[in-house]
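To start, the structure under review is shown below, and the notes come after it.
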Amino acid sequence: MMNRWPVMKRLLPLLTGLVLLLSACGREDLSTLNPQGPVAEKQLDLMKLSIGIMALVVVVVFIICIYVLIRFRRRKGDKSIPKQVEGNHTLEIIWTVVPIVLLLILGVPTIKDVFGLAKDYSKDKNAVQVKVTAHQYWWEFEYTDYGITTAQELIVPTDKTISFELVAADVKHSFWIPSIGGKMDTNPGVTNRMFLDFPKEGVFRGKCAELCGPSHALMDFKAKAVSPSSFDRWVAAMKAPAVMPADAEIAEKFTSQCLSCHAVGENGGNSAPNLTGIGGRQTVGGILYNDEGVPAEKNLHDWIINPQEYKSGAMMPTAEENSLTPEEVSSIAKYLAEYKLDY
Ligand code: HEC
Ligand SMILES: [Cu+2]
């Protein structure tokens, strides 16, 4: 027999590396196996139940199969025809009833949860209504009861159910926060509904789960669950008058070159992410993380110079196309980095 160990020994570091790489992608957990809310918990319970039943069936079938293969194998010199069991009532009843019982055990909770998770909270006065619009390659969150809109960072209170109305502005996308629950397609022209609860404070990573173009894999967002009082402060801060660049010339450039698409406070358009309080967000564009190593100002600066470099196909012009001088880019990046909301 060939000794395979030397080959395995060479493959082992590669496999270890792969495992580490795959498990260490991203900062917040993207796993459905570590639920942080009741919806994801129910979904995980269903996965466990169905995998449990399947595993049980596989084990039992394999044990019977191996037993039969050994016990009833053809022995040397034995030419006789085995005992025929066709039409055996006991056997037929067993292999009809057992699957029915298994399907019932799987089906009853599945149907109960599928309908339970489809509950419509769109008329519920206690729920926070959020209209999610998916764009290539960013997420817009409109709080219809509060008259505010934000992007890339969904802020939610821990004490209320969030009722989502989901649509797409261009092609089909899919809204998914693995550790909280989901997913649900967003379609152009059709509204889907879903609700989620965020009982724990924290930041949870969301993803587009439907191949939607070259930067599909970069269509990340954050869901940030905060205390009820913090949420109220955030709403108030979002509604406060916009902070514009202090320098009049920069303010004018910003208005003419950026607010044609973007908005801050009550100023600007709505064909691009709302930039109110962008300096306090965890990322720029959902993917460039702001931290000590790379502060928001640097990420904003790099992004404004050439968004396509970080997200190919991003529908934002480069600094050159926006006819900005390097000084103007720096001033705008500094202004946006300092634009933070207190909440
Ligand atoms: C033609 C419309 C358009 C113009 C003009 C425009 N942008 Fe954008 N911008 C976008 C779009 C679309 C995105 C989202 C890209 C993506 O993530 O796919 C974006 C994203 C951004 C982001 C990241 C937002 C976030 O939520 O993380 C920043 C910051 C930004 N733009 C700043 C600017 C600045 C500053 C200017 C003016 C110099 C500007 N943009 C001009 C369309 C525009
Ligand atoms: Cu998408």
Side-chain angles (χ1 to χ4, degrees), residues 132-141 149-155 166-176 182-188 206-222 224 244-245 250-264 267-290 296-341:
V132 176
T133 308
H135 302 254
Q136 280 171 320
Y137 300 95
W138 60 281
W139 297 90
E140 182 181 351
F141 304 113
T149 299
T150 189
Q152 309 292 36
E153 221 170 85
L154 170 76
I155 310 290
L166 303 148
V167 291
D170 33 49
V171 299
K172 196 163 160 186
H173 303 269
S174 181
F175 179 80
W176 192 26
K183 50 193 140 64
M184 182 69 83
D185 277 3
T186 63
N187 300 309
K207 272 268 174 200
C208 175
E210 181 72 59
L211 185 60
C212 58
S215 285
H216 156 70
L218 303 174
M219 197 168 153
D220 280 25
F221 64 99
K222 298 282 177 283
K224 189 171 174 187
M244 292 296 283
I250 296 298
E252 198 188 310
K253 257 276 145 83
F254 181 67
T255 305
S256 65
Q257 304 303 87
C258 313
L259 295 190
S260 46
C261 297
H262 293 279
V264 285
N267 307 334
N270 62 357
S271 64
N274 188 301
L275 299 179
T276 313
I278 176 124
R281 289 195 204 147
Q282 209 186 50
T283 65
V284 172
I287 45 167
L288 303 178
Y289 280 81
N290 306 325
E297 189 173 336
K298 166 139 188 10
N299 280 333
L300 285 160
H301 183 272
D302 293 350
W303 174 270
I304 295 167
I305 297 228
N306 186 5
Q308 318 276 330
E309 193 182 328
Y310 306 99
K311 261 192 197 178
S312 79
M315 319 272 179
M316 168 163 158
T318 60
E320 206 182 322
E321 288 160 339
N322 262 324
S323 49
L324 297 176
T325 65
E327 294 72 37
E328 286 166 341
V329 172
S330 300
S331 308
I332 292 177
K334 185 162 190 293
Y335 148 70
L336 288 175
E338 283 166 2
Y339 196 167
K340 297 181 186 166
L341 303 180

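All values reported here derive from a predicted model rather than from experimental measurement. Just follow the structure's listing: the first ligand is 1, and inside any ligand the first atom is 1.
Put simply, the side chain of Asn299 never gets that close to the backbone of Thr283: no donor and acceptor are under 3.5 Å apart. In this structure, the side chain of Thr186 engages the main chain of His173 through a donor-acceptor pair within 3.5 Å. Checked by atom type and distance alone, the side chain of Glu140 never pairs as donor or acceptor with a backbone atom of Thr149 at under 3.5 Å. Side-chain N or O atoms of His262 include one that pairs as donor or acceptor with a backbone N or O of Pro273 at under 3.5 Å. At least one donor-acceptor pair closer than 3.5 Å links the side chain of Gln257 to the backbone N or O of Asn322.
Of the protein's heavy atoms, Trp303 CZ2, 3.8 Å lies nearest to atom 15 (C) of ligand 1. Scanning the protein for heavy atoms near atom 12 (C) of ligand 1, the closest one is Met315 O, 3.3 Å. Looking from atom 18 (O) of ligand 1 to the surrounding protein, the closest heavy atom is Tyr137 N, 3.1 Å. The closest protein non-hydrogen atom to atom 27 (O) of ligand 1 is Gly285 N, 2.6 Å. When only non-hydrogen protein atoms are considered, atom 16 (C) of ligand 1 lies nearest to Lys311 NZ, 3.5 Å. Here the heavy atom of the protein found nearest to atom 5 (C) of ligand 1 is Gln257 O, 3.2 Å. The nearest heavy-atom contact from the protein to atom 26 (O) of ligand 1 is Arg281 NH1, 2.7 Å.
You'll find the side chain of Tyr310 stays beyond 4.5 Å of the side chain of Ser215, heavy atoms only.
Contacts with ligand 1 closer than 4.0 Å are made by no heavy atom of Met219, backbone or side chain.
A pairwise comparison of heavy atoms in Ala134 and Trp139 identifies CB-CZ3, 3.6 Å as the closest pair. Here the shortest heavy-atom pairing between Ala168 and Thr133 reads C-CG2, 4.3 Å. Scanning both residues, Trp303 and Ala314, for their nearest heavy atoms gives CH2-CB, 4.5 Å. Taking both residues in full, the closest heavy atoms of Trp176 and Ala209 are given as CE3-CB, 3.9 Å, listed atom of the first, atom of the second, then distance. Cys208 and His216 get closest at one heavy-atom pair: O-CE1, 3.1 Å. Among all heavy-atom pairs drawn from Ala217 and Asp220, the shortest one is O-OD1, 3.6 Å.
Close contacts between ligand 1 and Leu324 involve ligand atoms 38 (C) [criterion: under 4.0 Å to a heavy atom]. Of all the atoms in ligand 1, the ones that sit under 4.0 Å from a non-hydrogen atom of Ile332 are 35 (C). Under a 4.0 Å criterion applied to the non-hydrogen atoms of Gln152, ligand 1 contributes the atoms 17 (O), 25 (C), 26 (O), 27 (O). Of all the atoms in ligand 1, the ones that sit under 4.0 Å from a non-hydrogen atom of Asn322 are 37 (C), 38 (C), 41 (C). The Ser260 neighbourhood of ligand 1 comprises atoms 5 (C), with distances under 4.0 Å to a heavy atom of that residue. Listed by number with element, the atoms of ligand 1 under 4.0 angstrom from any heavy atom of Val284 are 27 (O). Contact atoms of ligand 1 toward Leu300: 29 (C) (distance under 4.0 Å to a heavy atom of the residue).
Ring geometry for Phe221 versus Phe175: interplanar angle under 30°, hence parallel rather than tilted (30 to 60°).
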Would Glu252 and Thr255 satisfy side-chain hydrogen bond (donor to acceptor under 3.5 Å, both in side chains), going step by step from the backbone distance to the final call? CA-CA 5 Å; Glu252 198 188 310; Thr255 305; over 6 Å; no
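Between Glu328 and Lys253, at least one side-chain nitrogen of the basic residue sits less than 4.0 Å from a carboxylate oxygen of the acidic one, meeting the salt-bridge criterion.
Of all protein N/O/S atoms, those under 2.8 Å from atom 8 (Fe) of ligand 1 are His262 NE2, Met316 SD, and waters are not counted. The distance cut-off of 2.8 Å around the Cu ion (ligand 2) captures these protein N, O or S atoms, sorted by chain and number: His173 ND1, Cys208 SG, Cys212 SG, Met219 SD.
To the nearest 0.5 angstrom, Leu275 atom CG is 8.0 Å from Leu259 atom CG. Trp138 CH2 to Ile287 CD1: the interatomic distance, rounded to the nearest 0.5 Å, is 15.0 Å.
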